[in-house]
Amino acid sequence: MASSAASDGGVITDGGVSRRHISRGDELAEGRTDSRSGEGPKYVWQPDLPLEPTHKRRSARGQGEPEQYSRLQPELLEAIFSSTNLETAYRRVKANGGAAGVDGVSLEDFTLWYRLRRKDLLRRLHLGNYCPSPVRRTHIEKKNGKKRPLGIPTVFDRIVQQAIHQVLCPILDSSFSPNSYGFRPDCRGHDAVRRILACNREGFKWSVDIDLKSFFDKVPQARALEALRERLDGDGPVVRLIKRYLKAGYIELGSYHATVEGMPQGGPLSPLLSNLVLDALDKELEARGHRFVRYADDFVVLLKSERAAHRVFASLCEFVENKLGLEINREKSAVRPVKELNYLSFRFHAGKIKVSESSLSDFKYKLKELSNRNWSVSMDYRMYKTRQYIKGWMGYFGLSEIYTIWPPIDKWLRRRLRMCYWRMWKRARRRYLNLRKLGTSAKNAGGFARTSKGYWRVALHLGRKTGMTDKWLASEGLIEIKQEWWNVKFLRITALKQTA
């Protein structure tokens, strides 16, 4: 987005929020400081009307609203719509990318769109009468062939939700359980996996593995809002704005659908609200004295005996379904030994973490696609994509502590890539000349060039009897999977020593 779009007023640009402002009521004098935010001329919007206490308007708005009014939330609203917070939110939304919402406004077109509507949008947000747009419903494929619904908010709504998240997350996160690792700052799935391994080594050999069925689609909105009011000192403008986002509905195949339950996957607020709802489960497990790990809606309770595990499984199913109003996926939930547990694509074998069989199979399948000899791309591009995929995959699965699985995959991948070169060279003369350039003897080069054997069979001997050695493949840009595993392991050990 070109920064020149800011020439006609205050807009969000590549550099963040514009320093210019429009309208007499929104204009800040040079050098003055806003009395509420403490910021100078860069403040994105200074309302020309004082904040109206929302609790005085509540009786005229409708019935059923909570009686308690939060004095904290107007201050939170000022923090949410401060220039610094909005600028940070915009940059994060832009860095994450993503498609346009139902209004068709992409990230590239957002600057001009926002400039024309900025004053009205921010005024409505601050006065509490902004209505979010419905999300655009799409579906993504799952490994089992089913589809997961995904809601894509408009770019402006993503920025507002991200701004809310940035202010509320530090407030809400401090009350969450240390055994909750999903969608939290300074927490990763690796921490949850290590926690399970530590409990297993202490003698907790049995697990209660419970999977919540369609959690984001089924979670009661009233429970999320109730938990939010408890932590924000009652009802107020922030709670009501979040409620509007939950009730915004979605557009699918051109038709509008209301959302009476659940929250859309794809918005910045959904992960935070999911943790808020499931914090009641964490507190219940802590009160019972259980060892447990939760990552988003996937949680495991660890016990020492099978009998205790079955008893806990029955009581937890009753608590989750009757007290929290959530549905348990009975097909995936079960009592099983920890050595048979598959958690976040990892398994636990002989006191060590290993990659699950399904994830390892997916890894090899992707490498097979990248080394397909019929893929019509240059070898430089093939090597680049292969190297990129290995580094990205190992960045997560490098947590595995089993080394012996990597050398066979390295050997298999090198053979497939030699086959790609052999297929690319095609003619006998070209094969002969290329082998000679690599230092192959004339006798071996001539024998391989004239052979009628298949690609896969020839590739088995090319690394031993010609110049297409492992070292040569490394010079062409191939990285060893086993070496990448060692690199990740070394970096992780170094980081742990530095933080110890």
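We're numbering straight along the sequence, starting at 1.
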Presence of salt bridge, [Y] and [X], under 4.0 angstrom:
| X | Y | answer |
| --- | --- | --- |
| D173 | R184 | yes |
| R194 | D191 | yes |
| E476 | R414 | no |
| R347 | E357 | yes |

Atom [atom1] of [X]: over 12 foreign heavy atoms under 6.0 Å:
| X | atom1 | value |
| --- | --- | --- |
| R464 | CZ | yes |
| R307 | CZ | no |
| Y256 | OH | yes |
| N322 | CG | yes |
| E141 | CD | yes |
| Y403 | OH | yes |

Counting N and O atoms only, with roles assigned by atom type, does the side chain of [X] sit under 3.5 Å from a partner on the main chain of [Y], one being a donor and the other an acceptor?
| X | Y | answer |
| --- | --- | --- |
| S180 | F176 | no |
| R137 | I152 | no |
| D298 | Y343 | no |
| S214 | D217 | no |
| R291 | F204 | no |
| S82 | A79 | yes |
| E401 | I353 | yes |
| S274 | P271 | yes |
| Q73 | G234 | yes |
| S333 | R330 | no |

Side chains of [X] and [Y] in contact at under 4.5 Å (non-hydrogen atoms):
| X | Y | answer |
| --- | --- | --- |
| I80 | V238 | yes |
| F156 | L125 | yes |
| L478 | L413 | yes |

Please find out if less than 6.0 Å separates the ring center of [X] from that of [Y].
| X | Y | result |
| --- | --- | --- |
| Y389 | F363 | yes |
| F490 | W485 | no |
| Y455 | W422 | no |

Parallel, tilted or perpendicular: which fits the ring planes of [X] and [Y], with parallel below 30° and perpendicular above 60°?
| X | Y | value |
| --- | --- | --- |
| Y250 | H257 | parallel |
| F397 | W393 | parallel |
| H126 | F81 | tilted |
| F346 | H190 | perpendicular |

Item checked: CA sep, side-chain torsions, deciding dist, call: K283, D279, salt bridge (charged side-chain N to carboxylate O under 4.0 Å, His left out) -> CA-CA 6 Å; K283 297 296 189 288; D279 188 58; 2.8 Å; yes
Between [X] and [Y], what is the shortest heavy-atom contact and its length?
| X | Y | result |
| --- | --- | --- |
| Y295 | R188 | CE1-C, 4.0 Å |
| C199 | L302 | CB-CD1, 3.4 Å |
| D157 | Y130 | OD1-OH, 2.6 Å |
| S133 | A248 | O-CB, 3.8 Å |
| L77 | P237 | CD2-CB, 4.1 Å |
| A89 | A163 | CB-N, 3.7 Å |

Next item on the list: Please report the C-alpha distance between S359 and S356 in whole Å, then the side-chain angles of each, then the deciding distance to 0.1 Å, and finally whether the side-chain hydrogen bond (donor to acceptor under 3.5 Å, both in side chains) criterion is met.
Entry: CA-CA 5 Å; S359 299; S356 67; 2.9 Å; yes
Next item on the list: Before giving the answer on salt bridge (charged side-chain N to carboxylate O under 4.0 Å, His left out), spell out for E480 and R387 the whole-Å C-alpha distance, their side-chain angles and the decisive distance to 0.1 Å.
Entry: CA-CA 9 Å; E480 286 189 318; R387 184 169 61 250; over 6 Å; no
Checklist line | Step-by-step side-chain hydrogen bond (donor to acceptor under 3.5 Å, both in side chains) determination, S371 to R382 | finding: CA-CA 7 Å; S371 59; R382 188 191 300 269; over 6 Å; no
Next item on the list: From the options R418, R415, K411, select the one residue that forms a salt bridge (Lys or Arg N to Asp or Glu O under 4.0 Å) with D470.
Entry: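 Only one of R418, R415, K411 forms a salt bridge (Lys or Arg N to Asp or Glu O under 4.0 Å) with D470, namely R418.
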Check: Nearest 0.5 Å, what's the CG-NE2 distance between L303 and H290?
Finding: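 Nearest 0.5 Å value for the CG-NE2 distance: 6.0 Å.
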Notebook entry, point to check: Just how far is it from atom CG of L417 to atom CG of L367, taken to the nearest 0.5 Å?
Noted result: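 Answer rounded to 0.5 Å: 9.0 Å.
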Note to self: Using side-chain hydrogen bond (donor to acceptor under 3.5 Å, both in side chains), reason through S177 and E286 one step at a time and then give a plain yes or no.
What the structure shows: CA-CA 8 Å; S177 168; E286 288 177 347; 2.5 Å; yes
What donor-acceptor contacts under 3.5 angstrom involve side-chain atoms of residues 218-227, with partners at least two apart or in another chain?
| unit_1 | atom_1 | unit_2 | atom_2 | d |
| --- | --- | --- | --- | --- |
| Q221 | OE1 | K247 | NZ | 2.9 |
| Q221 | NE2 | L246 | O | 3.1 |
| Q221 | NE2 | T259 | O | 3.3 |
| Q221 | NE2 | G262 | O | 2.9 |
| R223 | NE | L324 | O | 3.1 |
| R223 | NH1 | K323 | O | 3.2 |
| R223 | NH2 | K323 | O | 2.7 |

Next item on the list: Please test L473 against M468 for side chain to side chain contact (heavy atoms under 4.5 Å, CB included), starting from the C-alpha separation and ending with a verdict.
Entry: CA-CA 7 Å; L473 284 176; M468 300 176 70; 5.8 Å; no
Note to self: Before you tell me yes or no, could you show the steps for K339 and F348 under side chain to side chain contact (heavy atoms under 4.5 Å, CB included), namely the whole-Å CA-CA distance, both residues' side-chain angles and the distance that decides it to 0.1 Å?
What the structure shows: CA-CA 5 Å; K339 63 182 180 181; F348 306 90; 5.8 Å; no
Next item on the list: Determine, stepwise, if the pair E484 / V488 fulfils side chain to side chain contact (heavy atoms under 4.5 Å, CB included).
Entry: CA-CA 6 Å; E484 189 64 24; V488 171; 4.2 Å; yes
Checklist line | Candidate pair R294 and L278, rule side chain to side chain contact (heavy atoms under 4.5 Å, CB included), full reasoning | finding: CA-CA 9 Å; R294 183 175 67 80; L278 292 174; 3.6 Å; yes
Under 3.5 Å, side-chain donor or acceptor atoms of residues 205-212 against the rest of the protein: list the pairs with distances, not counting sequence neighbours.
| unit_1 | atom_1 | unit_2 | atom_2 | d |
| --- | --- | --- | --- | --- |
| K205 | NZ | N200 | O | 3.3 |
| S207 | OG | R336 | O | 2.8 |
| D209 | OD2 | R336 | NH1 | 2.9 |

Notebook entry, point to check: So among V335, I328, V301, which one has a side-chain contact (heavy atoms from CB on, under 4.5 Å) with F313?
Noted result: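 Between F313 and the candidates, side-chain contact (heavy atoms from CB on, under 4.5 Å) is satisfied uniquely by V335.
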